[in-house]
Colleague: 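What follows is a structure written as structure tokens; I'll ask about it next.
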Protein chains: 2
Amino acid sequence: MRLAVDVMGGDHAPDAILKGCFDALADLPQGDELVLVGPEGLIRETMREHGVRDGRLVVEHADQIIGMDESPATAVRSKARSSIVRLFLVGSGRAEIRADAVLSAGNTGACVTAAIMYMKRLPGVLRPGIAVTIPAFHGPVVLCDAGANPEPKPTHLWQYALMADTYARQVLGIGSPRVALMNIGAEEGKGTDIIREAREMLRRTPDLNDIGYVEGRDFFEGVADVIVTDAFVGNTVLKMAEGLARSLFNAIAQEIMAENPRLALEFEPVVRRIYAKNDYHEYGGAPLLGVNGACMIAHGSSQPRAIRAAIRNGLAFVRTGVNEAIVRRLSSSAAAVRAPQEAT
Amino acid sequence: MRLAVDVMGGDHAPDAILKGCFDALADLPQGDELVLVGPEGLIRETMREHGVRDGRLVVEHADQIIGMDESPATAVRSKARSSIVRLFLVGSGRAEIRADAVLSAGNTGACVTAAIMYMKRLPGVLRPGIAVTIPAFHGPVVLCDAGANPEPKPTHLWQYALMADTYARQVLGIGSPRVALMNIGAEEGKGTDIIREAREMLRRTPDLNDIGYVEGRDFFEGVADVIVTDAFVGNTVLKMAEGLARSLFNAIAQEIMAENPRLALEFEPVVRRIYAKNDYHEYGGAPLLGVNGACMIAHGSSQPRAIRAAIRNGLAFVRTGVNEAIVRRLSSSAAAVRAPQEAT
């Protein structure tokens, strides 16, 4: 099996990405290979610097970069030699080297655009969605959609629920995931027409542990394993949670230093343990569910550890047959909720 | 000046609400009065228990309660003797006793419904919005809308910006508030059509310190004083932030106890100081901006301190003439952004 990595994507590219790939060799299953997509000279040079010589590393040359802030559609159309476009050519069997899965920590919008353009959607899928695994305090929570579709229709939300549920079962090993729709109140009748219609579809879906609505406050309370929402809410709460956690730890550090610098030393291992237990790096890489391929999107600020975890995750995605299960699931559930494929 | 309080609203009603009112007497300006709306017998009994005898406390009898989970429209229509309906009759000059401002920690939807029904909207206002003041680490941030309007049109968002800006100036004393629209990316061109259209209107608005888009991560970074969004996102991020902060402190407490129980004792004042600095109780009470009256909505879990602060806040709202300023502001800005009143 082969996984291709965009060496130039992310705030700490290329160093952190390449380092993550080198580290990943240690847990790469027998017979698997990594395709490093980026400027060949730079990649070979970095390998030499790190003393890495490994036949399982293949290089695919790409000498353009799509910046984090570039407009996705324009960039993908105009930069054919960019690491992102080359990545998806490799990942969709359109290049000489082929890969079963791809990974990028670069421009998310460009990845989504290129994934849909080159990998195409899975049969029956209307709109792909990004499923981010959040290390909450009670265990992982899968949030979908976290960035692909800011204005989903009810059928899109319904498909996100089924796809994220399948992912949670196959890759995270959660037995019967509790699936919830994000709403502004837990009571029936709350929210927008779109939410209420999606709720109705979920209620009629067989073999789904649908627990109804959750609110923002339930996010970290361990009441749901899968939370479905639109990309606007999903992306905003993710980024807000990141910012708040960082600000809180900073505030605590400042207060501790003011109180008693000696206390700061004793407090450090506490913070380190909390970080270790709730570390998004461990779940590095969020799959873009619904495309006909395995596309992992990593956090822009990914460090080597996150890249290594995302590689593991991407290979598990292919190996456990998530896409095949999604296609079966959507087609077998469609009848129960009045042929959603037609309700676009 | 008179402020009426719904004694039966909130998770800790009536005790915490009444205690808050009693405490508020200490800082009630000369000549001001509080109208306590709820079951007269219970109110008088509680006053006796607390040894409170004060001519500035007026009782308005109401013997029904609208529960936190009742459907707002139905409840307001069917419970004419509820504390919420009586509150708004008092606050809109339709009862024998009149009040200049009202406050409830009860069912938010019912308060919004009753406020619009009895107080009516201010001239030119299309949809009222709730403005919550969040004690972020760098200073207060006003978030509007936090719960009234889940599907705002661009003109609604534009009005929220102007109204919240006016509130931040008049009541919070922020000189030239930095006003931002919540989006899923800081770059121009990101987000939905609704967001982009609201952005265009804000850009053309005179005397507004419009700083463009902010993302979820900017919330606690001190980049904006006023953040405008829809009720779905606003409510979700607020509740999520609450849940995350609580979970984080719990996690820290557990880790500290596991590490070293003595450390827990030393850590306690640190946590207490952070809470004191970032305490939403201090900003208790969020105004429903855009109604022709002063309607303060308090957090359902309000304790006496939050109620006391909300009373202070409600009286300041009236005294500083926020509504008059809003009406002037909307009418003088309308021309610059192509008659928004017509663009409903």
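Lettering follows sequence order; numbering is per chain, from 1.
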Colleague: Quick one: what part of A245(B) sits under 4.5 Å from any heavy atom of chain A, side chain, backbone, both or neither?
Modeller: both
Colleague: Find the one option among A241(B), G191(B), P72(B) whose heavy-atom pairs under 4.5 Å with chain A are most numerous.
Modeller: A241(B)
Colleague: Which residue out of R217(B), K190(B), E215(B), M182(B) racks up the most heavy-atom pairs below 4.5 Å with chain A?
Modeller: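 Option with the top pair count is R217(B).
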Colleague: Less than 4.5 Å to any heavy atom of chain A: does that hold for the side chain of N250(B), its backbone, both, or neither?
Modeller: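 For N250(B), no heavy atom lies under 4.5 Å from chain A.
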Colleague: Given heavy-atom pairs under 4.5 angstrom as the criterion, report whether the side chain, backbone, both or neither of F219(A) touches chain B.
Modeller: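 Contact with chain B: side chain only.
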Colleague: Between S247(A), G243(A), G234(A), which residue shows the highest count of heavy-atom pairs closer than 4.5 Å to chain B?
Modeller: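 The residue among S247(A), G243(A), G234(A) with the greatest pair count is S247(A).
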Colleague: Quick one about E151(A) and H156(A) (side-chain donor to acceptor, distance below 3.5 Å, no hydrogens or angles considered), yes or no?
Modeller: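 Per modelled atom types, H156(A) and E151(A) side chains form no pair under 3.5 Å.
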Colleague: Going by heavy atoms in the side chains, are L288(A) and V112(A) under 4.5 Å from each other?
Modeller: yes
Colleague: Flag this pair as yes if the NZ/CZ of R246(B) is under 6.0 angstrom from the six-membered ring centre of F220(A) and inside a 45 degree cone about the axis; otherwise no.
Modeller: no
Colleague: Compute whether any side-chain donor of one residue and acceptor of the other, for N149(A) and Y160(A), lie under 3.5 angstrom apart.
Modeller: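 Yes - a donor-acceptor pair under 3.5 Å links their side chains.
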Colleague: Do the non-hydrogen side-chain atoms of N107(B) and I84(B) ever get within less than 4.5 Å of each other?
Modeller: yes
Colleague: By a 4.5 Å heavy-atom criterion (distance strictly below it), what part of R272(B) contacts chain A: side chain, backbone, both, or neither?
Modeller: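 Neither the backbone nor the side chain of R272(B) comes within 4.5 Å of chain A.
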Colleague: Given the options Q254(B), E255(B), E221(B), which has more heavy-atom pairs under 4.5 Å with chain A than any of the others?
Modeller: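 The option with the most such pairs is E255(B).
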Colleague: Do the side chains of T236(A) and V237(B) get nearer than 4.5 Å, heavy atoms only?
Modeller: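 They are in side-chain contact.
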